[in-house]
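These notes are about the structure you will find just below.
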Number of protein chains: 2
Amino acid sequence: MKTSVFIVDDHYMVVEGIRSLLQTEQEIEWAGHAMNAASCLAFLKQQLPDVILMDINLPDKSGIDLCKEVKEQYPSVFILGLSTFNQQSFVNKMMDNGASGYVLKNATQNELMEAIQAVAKGKTFLSDEVVSSLNESKAAQPVLTRREKEVLELISEGLTNSEIAEKLFVSVNTVDTHRKNLLAKLEAKNTADLVRLAIRHHFISAHK
Amino acid sequence: MKTSVFIVDDHYMVVEGIRSLLQTEQEIEWAGHAMNAASCLAFLKQQLPDVILMDINLPDKSGIDLCKEVKEQYPSVFILGLSTFNQQSFVNKMMDNGASGYVLKNATQNELMEAIQAVAKGKTFLSDEVVSSLNESKAAQPVLTRREKEVLELISEGLTNSEIAEKLFVSVNTVDTHRKNLLAKLEAKNTADLVRLAIRHHFISAHK
DNA sequence: ATAAAAATCACTAAAAAAGGGGATAAGAAT
DNA sequence: ATTCTTATCCCCTTTTTTAGTGATTTTTAT
């Protein structure tokens with residue numbers, strides 16, 4: 001029995017690439033593709049594929065959110081995350097939201113087929129590259145509390161301790177303590193270093 | 001006369017996508033592909049295509065550097081930059097290094113063909129999306145001097161003014177002035193804000 | 001229920017950054 | 001020849017951060 005595969009990706013070239021890769025496979029049936037989250041959801045109302053290859057960068061909604069929605073509405077569909085970048089946090093979020101696997105766009109035909117067949121059977125599949133960087137990053141990833149992240153965010157926006165204290169309705173001393181803990185946890189030399197490392201660890205984003 | 005096209009991209013799916021898009025075109029001849037800069041250069045020693053589609057993210061060397069090298073050695077080849085992201089600075093650098101155009105990976109078959117045919121004739125081609133974001137961003141992009149970028153880099157690494165002064169063999173006052181100018185140019189409230197904005201504007205990178 | 005983690009607040013002193021001012025010399029550009 | 005830019009330097013004041021230590025309350029987890 002053939003496995004039907006649907007693709008959600010806004011990159012035309014990637015869709016074409018996957019289509020041509022899968023064309024030669026006997027066990028795969030091409031269900032179609034969507035360039036955004038909305039048309040993906042519309043398609044699923046008509047027809048349910050076995051596996052969805054889902055890009056995490058979509059124009060209207062993140063693949064992470066879409067993954068959650070699709071899994072809630074159609075728990076029987078298996079979702080395989082697809083991305084150019086090997087970002088720890090994205091992999092985790094996709095898996096948390098019900099994805100069965102994660103494949104990088106530089107995957108070979110073999111790796112892609114392996115992944116599709118694994119998730120179609122309900123198994124989990126992660127690209128080798130993803131697995132190895134997952135292990136690497138596990139050692140060095142500091143754990144921040146909710147409050148610390150909040151303070152970090154405000155620091156990166158250029159607020160001073162007293163401004164942050166006012167905003168969070170706590171004393172300057174408290175903010176100062178959080179700041180010290182942040183410096184220690186991220187092993188930062190000072191604020192500049194802290195912000196750079198925070199962006200590197202994806203605690204905050206440089207872009208809005 | 002056919003236009004021969006060579007592709008440098010480490011994403012197998014993208015290579016396949018482009019190959020299948022170009023397969024249907026009569027005027028295009030597929031010269032081959034490389035997954036990294038080294039094998040691209042090796043290929044060019046054997047054979048010169050008319051147009052090279054070049055990804056800016058390559059494993060061994062940035063497409064920006066590769067572009068420069070290829071153009072220096074083989075000025076007759078036309079290079080079309082290729083990327084997922086519409087990053088102003090990358091577009092500029094590619095064009096500075098001799099690229100004839102820049103296309104996003106979500107381009108349609110028509111747009112890609114238009115681009116290839118334009119650059120093959122020696123014309124310049126930029127994706128519509130690239131052009132429009134180019135105009136938008138033109139207003140807000142501050143201009144930093146060589147020295148300012150240098151100081152900015154060191155600030156983001158967590159060095160203090162006196163440490164930077166020592167490293168650059170200038171007085172603390174000088175570094176302080178550069179710092180003030182940086183704050184003013186990037187319209188940053190303080191160091192934290194400065195680092196975030198610097199990363200946003202791609203003056204520095206959060207990742208190494 | 002109780003131990004652990006998180007969040008809160010306090011005080012002091014030294015170091016660094018921010019904000020204000022102004023100045024000179026070298027090189028590039030017109 | 002002269003203006004503009006870049007890079008350099010100086011002084012002063014205030015604000016903010018950093019470092020060191022210590023402690024209490026609230027939440028969370030076992």
Side-chain angles (χ1 to χ4, degrees), chain A residues 92 96 138-204 206, chain B residues 89 92 96 138-201 203-204 206:
Chain A
N92 288 335
D96 285 350
K138 229 163 202 171
Q141 192 79 323
V143 180
L144 302 188
T145 67
R146 242 178 291 117
R147 203 51 156 176
E148 282 164 352
K149 282 179 202 161
E150 214 171 337
V151 172
L152 182 54
E153 178 83 43
L154 296 173
I155 288 173
S156 81
E157 285 171 13
L159 303 211
T160 65
N161 285 345
S162 60
E163 287 168 338
I164 294 170
E166 210 178 323
K167 196 153 204 165
L168 301 182
F169 306 105
V170 295
S171 92
V172 181
N173 300 301
T174 303
V175 178
D176 190 55
T177 302
H178 287 312
R179 187 179 207 123
K180 282 173 195 164
N181 291 335
L182 284 166
L183 287 171
K185 282 189 179 181
L186 296 201
E187 298 179 69
K189 289 181 200 161
N190 54 29
T191 303
D193 203 25
L194 177 69
V195 173
R196 188 175 111 275
L197 292 172
I199 291 172
R200 175 181 292 181
H201 288 302
H202 307 292
F203 289 124
I204 56 178
Chain B
S89 55
N92 289 335
D96 285 351
K138 226 162 205 173
Q141 192 79 323
V143 179
L144 302 188
T145 67
R146 242 176 290 117
R147 203 54 154 175
E148 281 164 354
K149 282 180 201 160
E150 214 171 339
V151 172
L152 182 54
E153 178 82 44
L154 296 173
I155 289 173
S156 81
E157 285 171 14
L159 303 211
T160 66
N161 284 345
S162 60
E163 286 168 338
I164 294 169
E166 209 178 325
K167 196 154 204 165
L168 300 183
F169 304 107
V170 295
S171 93
V172 182
N173 298 303
T174 303
V175 178
D176 191 54
T177 302
H178 287 313
R179 189 180 206 120
K180 283 172 193 165
N181 290 336
L182 285 165
L183 288 170
K185 283 191 178 179
L186 296 202
E187 298 179 70
K189 288 181 202 162
N190 54 31
T191 302
D193 204 24
L194 177 69
V195 172
R196 189 176 111 275
L197 293 173
I199 291 171
R200 176 183 292 181
H201 287 302
F203 289 124
I204 56 178

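In what follows, every chain begins at residue 1, and chains take the letters A, B, ... in the order their sequences are listed.
Taking atom CG on B:N181 and atom C1' on D:dT5, their separation rounds to 11 Å, with Å as the unit. Separating the CG atom of B:L144 from the P atom of D:dA7 is a distance of 10 Å, rounded to the nearest angstrom. Rounded to an integer number of Å, the gap from CZ of B:R147 to C1' of D:dT8 is 9 Å. Rounded to whole Å, atom P of D:dC10 lies 12 Å from atom CG of B:D176. A straight line from CD1 of B:I155 to C1' of C:dA18 spans 12 Å, rounded to a whole angstrom. B:L182 has its CG atom 13 Å from the P atom of C:dA17, to the nearest Å. The NZ atom of B:K180 sits 17 Å away from the C1' atom of D:dT6 (whole-angstrom rounding). Summarising the geometry, the separation between CD on A:E163 and C1' on D:dT17 is reported as 14 Å, rounded to the nearest angstrom.
Within the 3.5 Å criterion, the main-chain N or O of A:V172 finds no donor-acceptor partner in the side chain of A:N161. A donor-acceptor pair under 3.5 Å is absent between the side-chain atoms of B:E157 and the main chain of B:L154, judged by distance alone.
Nucleic acid contact class of B:N190 (heavy atoms, under 4.0 Å, all strands): sugar-phosphate only. Using a 4.0 Å heavy-atom distance criterion, B:T177 is classed as a base contact.
Distances shorter than 4.0 Å separate some side-chain N or O of A:T145 from OP1 or OP2 on C:dA7. Contact between the side-chain N/O atoms of A:T191 and the OP1/OP2 oxygens of D:dT18 is found at a separation under 4.0 Å. Considering only side-chain N and O atoms, A:H178 lies under 4.0 angstrom from the phosphate OP1 or OP2 of C:dT8. At D:dT6, none of the side-chain N or O atoms of B:R146 fall inside 4.0 Å of OP1 or OP2 (strictly under the cut-off). Of the side-chain N and O atoms in B:N161, one or more sit less than 4.0 angstrom from OP1 or OP2 of C:dA17.
When distances are taken from the side chain of B:R179 to each of C:dT8, D:dC9, C:dA18, the shortest belongs to C:dA18.
Closest non-hydrogen pair, B:L197 versus B:E187, comes out as CD1-O, 4.1 Å. Nearest heavy atoms, A:P142 versus A:K185: CB-O, 3.6 Å. Of all heavy-atom pairs spanning B:L152 and B:I204, the tightest one is CG-CG2, 4.3 Å. The minimum heavy-atom distance linking B:R196 with B:D193 is given by the pair NH1-OD1, 2.5 Å.
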Checklist entry - Going through the checks in order, is the side-chain hydrogen bond (donor to acceptor under 3.5 Å, both in side chains) test met by B:T191 and B:R179? => result CA-CA 9 Å; B:T191 302; B:R179 189 180 206 120; 3.2 Å; yes
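Taking a 4.0 Å limit (strictly below) on heavy-atom distances, residues 166-174 of chain B reaches DNA chain D at B:V170, B:S171, B:N173, B:T174.
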